[in-house]
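Can you read through this structure? Questions will come right after.
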Amino acid sequence: MRGKNSLVSETVAALRISAIKEMAMLSATVEGAASLTWGLPSFRTPAHIRRAVEARLESDPEIGKYALPDGLPELRAVVAEHHQRATGTTTDPDENVIITAGNMQGLNAIFHVLLDPGDEIILTDPGFASHFHQIRLCRGVPVPWRLDEACGWSLDVEALPSLVTERTKAIVLVSPSNPTGKIFAEHELRRVGQIAKERNLLVVLDDPYSPFAYENAARVFNLASVPELSEHVSYHFTFSKSYAMSGWRLAYMIVPAALKGEVLKVHDATLICAPRISQLAGYAALTQRPVHLSEFESELAKRRALICERLDRVPHVFEYVRPEGAYYVFPRIVADHKDSAEFAIRLLEDTKVAVTPGSAFGPTGEHHVRMAYCVSDDVIETAFDRIENRFGL
Ligand SMILES: Cc1ncc(COP(=O)(O)O)c(C=O)c1O
């Protein structure tokens, strides 16, 4: 559908669906595939959340109606309390909080607010594939900020100032990171915040994974907790991963008061409001003790140990940096291959093992693959048995 007479805009024609979903869809057509493509936790939404929604479904006459565009007041109130407790910063449910239909939608809204065509946003490279697509969809330019694999995928803060131009609007950070599992150091994050403040940029903190930091929990630092950065941080938390609620499509964003009205314009023009039923689930999630979390985390820690053990057995196929958090590992391909896309397709065809090509996560991701270990032990074992069969031990 490209070309002068096409109905499709050049921007959309140039986009691709993310390779994560492309590989997930492709592997769904392969019977018996062992898929490590999608970061979709194998867990069920916790029972206490499901029970609370069940009760509201019966008793709440408003259940089938729109919520206010920025979200149900009772949910915004508990979100504000929760964020304030977590960060120590003053958070007002009316001034700062917006309930969204997942972080993808909240990020889409903030990128629309920030970007005129040709404006730039700095992203870690490798970084989350969909951020690149979202920025392009807003006619913006994603500017890759190379992470240092030799230093365990850490931030190269010294390189950051040289990436900032007159067109730069924001820096996006995810810690623990997707796809590397890296937890960025507090002093580096603080320096990023300082640079953002000096250059009048917004730091967009996309936070699906901070509850999954295993033995490194004390090292997770939330830049939203720095009071001097309150006008320079947009914080995005999603219920998708740590509450196993990816299908409910629910998240919240905490923005500087000056931006809330601007974000609401995009949010309202996009979907009016996040689904009310999901907001009620979110209310139940935040008002009851998250008893499921330690179970999720210890299960994921076991899976991390398993996938690392299996990777250790195939050093002639993959070299990797041990992930610190989230539930991804991002090994470099050392087996013979042309590029990561060709490797991933061939692996699927030859062995029925699905992984995501690293090139989807930015130029530095080339010659790597991403493996999501949020799947059951069985899937991890089957995938690596097949890899060992294909490449030998
Ligand atoms: C970094 C990052 N941001 C956002 C998302 C999507 O979040 P949501 O389900 O809230 O849209 C994901 C999902 O994998 C992710 O890894």
Side-chain angles (χ1 to χ4, degrees), residues 17-25 35-43 45 71 75 79 98-111 121-135 137 142 145 147 153 170-184 203-213 220 222-223 234-254 267 270-271 274-275 278-279 281-282 285-286 296 300 323-330 355-356 358 360-362 365 370-375:
I17 182 167
S18 114
I20 304 168
K21 278 78 164 200
E22 212 168 55
M23 284 306 291
M25 290 195 294
S35 178
L36 304 173
T37 52
W38 207 352
L40 195 60
S42 60
F43 310 120
T45 303
L75 177 57
V79 163
I98 302 172
I99 309 300
T100 61
N103 271 4
M104 283 294 285
Q105 190 251 316
L107 293 163
N108 180 59
I110 197 77
F111 292 154
I121 292 191
I122 297 170
L123 304 167
T124 65
D125 166 29
F128 182 48
S130 295
H131 292 158
F132 288 83
H133 299 295
Q134 288 190 302
I135 292 165
L137 184 60
W145 176 21
L147 295 178
W153 295 117
I171 303 161
V172 181
L173 290 170
V174 183
S175 179
S177 145
N178 176 4
T180 63
K182 178 70 184 171
I183 295 174
F184 299 130
V203 182
V204 177
L205 299 174
D206 180 8
D207 183 16
Y209 303 112
S210 57
F212 302 136
V220 173
N222 187 345
L223 207 53
S234 173
Y235 173 79
H236 301 249
F237 177 82
T238 174
F239 293 81
S240 286
K241 315 292 174 151
S242 52
Y243 289 91
M245 285 176 55
S246 57
W248 297 80
R249 311 307 301 130
L250 188 74
Y252 60 78
M253 58 196 287
I254 313 288
H267 178 76
T270 314
L271 87 167
S278 302
Q279 297 196 42
L286 292 185
F296 281 15
L300 289 172
E324 297 174 328
Y327 42 61
Y328 304 103
V329 58
F330 198 60
V355 294
T356 305
F361 302 91
R370 190 191 75 170
M371 298 172 172
Y373 59 82
C374 50
V375 293

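Every heavy atom of this structure was used, including side-chain atoms; hydrogens, water molecules and symmetry mates were not. As the structure is a computational prediction, the values presented were derived from the model and not from experiment. We count ligands from 1, going down the list as the structure has it; atoms in each ligand are counted the same way. The first residue of the sequence shown is numbered 1, and numbering continues consecutively from there.
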Do the rings of Y209 and Y327 sit parallel, tilted or perpendicular, given the 30° and 60° boundaries?
->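 Y209 and Y327: perpendicular rings.
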
Exercise. So is K241 close enough to ligand 1, meaning a heavy atom under 4.0 angstrom away?
Worked result: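 Flag set, K241 near ligand 1.
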
inquiry  = Out of all atoms in ligand 1, which are within 4.0 Å of some heavy atom of G102? Include the element for each.
reply    =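 Here the atoms of ligand 1 in question are 10 (O), 11 (O).
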
Quick one: do the T45 and W248 side chains pair a donor with an acceptor below 3.5 Å?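 W248 and T45 do have a side-chain donor-acceptor pair below 3.5 Å.
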
query = Considering all heavy atoms of both residues, which atom of V204 and which atom of A170 are nearest to each other, and what is their separation?
reply =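 What the structure gives for the nearest pair is CG2-CB, 4.2 Å.
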
- [ ] Check ligand 1 against Y209 and write out every atom of the ligand that is under 4.0 Å from a heavy-atom position of the residue.
- [x]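 Those qualifying, in numeric order: 13 (C), 14 (O), 15 (C), 16 (O).
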
Check your understanding: Between S246 and ligand 1, is there a nitrogen or oxygen pair with a distance under 3.5 Å?
Key ->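 No, there is no polar N/O contact under 3.5 Å.
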
Check your understanding: Counting only N and O atoms by type, is there a donor-acceptor contact under 3.5 Å from the side chain of K241 to the main-chain atoms of A326?
Key ->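 It does not hold such a pair.
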
Open item on the list: Would F239 count as a contact residue for ligand 1, given that I'm defining contact as a non-hydrogen atom of the residue lying under 4.0 Å from a ligand atom?
Closed with: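 Per 4.0 Å heavy-atom rule, F239 does not contact ligand 1.
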
| message | My understanding is that we take every heavy atom of each candidate and find the minimum distance to atom 12 (C) of ligand 1. Doing that for F128, Y327, Y328, which one comes out nearest? | response |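 That would be F128.
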
Y235 and Y252 aromatic ring geometry - parallel, tilted or perpendicular at 30°/60° bounds
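Ring orientation, 0 to 90° scale: tilted.
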
**OP:** Please work out which of the three classes, parallel, tilted or perpendicular, describes the rings of F212 and F296, given edges at 30° and 60°.
**Re:**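 Plane angle between 30° and 60°, so tilted.
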
Worksheet item: Of all the atoms in ligand 1, which lie at a distance below 4.0 Å from a heavy atom belonging to P208?
Response: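 The atoms of ligand 1 under 4.0 Å from a heavy atom of P208 are 1 (C), 2 (C), 3 (N), 15 (C).
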
Which ligand 1 atoms are under 4.0 Å away from a heavy-atom of S240?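 That gives atoms 8 (P), 9 (O), 10 (O) of ligand 1.
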
Element-labelled atoms of ligand 1 that are located less than 4.0 Å from some non-hydrogen atom of T238
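This gives 8 (P), 10 (O) as the contact atoms.
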
**Asked** Does ligand 1 have any atom that is closer than 4.0 Å to a heavy atom of G39?
**Response**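 No, G39 has no heavy atoms under 4.0 Å from ligand 1.
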
Answer with yes or no whether the side chains of S234 and H236 bring together a donor and an acceptor at under 3.5 Å.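 Short answer, yes.
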
| said: Would M104 count as a polar contact of ligand 1, with the cut-off being nitrogen or oxygen pairs under 3.5 Å? | reply: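 So ligand 1 has an N or O lying under 3.5 Å from an N or O of M104.
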
_For atom 8 (P) of ligand 1, which of the options T100, N103, L107 provides the nearest non-hydrogen atom?_
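Among T100, N103, L107, the closest heavy atom to atom 8 (P) of ligand 1 belongs to N103.
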
Check: Which pair of non-hydrogen atoms, one from A101 and one from A274, has the smallest distance, and what is that distance?
Finding: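 Nearest heavy atoms, A101 then A274: N-CB, 3.9 Å.
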
Region of Q105 engaging ligand 1 - heavy atom pairs below 4.0 Å
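It is neither; nothing of Q105 touches ligand 1.
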
Check your understanding: Is D206 touching ligand 1 with its side chain, its backbone, both, or neither, if touching means heavy atoms under 4.0 Å apart?
Key ->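 Side chain only.
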
Mutual orientation of the aromatic rings belonging to F237 and F239 [parallel < 30°, tilted 30-60°, perpendicular > 60°]
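Taking F239 first and then F237, their aromatic rings stand perpendicular (interplane angle over 60°).
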
* Any donor-acceptor pair under 3.5 Å linking the side chain of S175 with the backbone of S177? ->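 No.
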
>> In this structure, does ligand 1 have an atom that sits under 4.0 Å from one of the heavy atoms of R249?
In response: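 Under 4.0 Å: yes for R249.
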
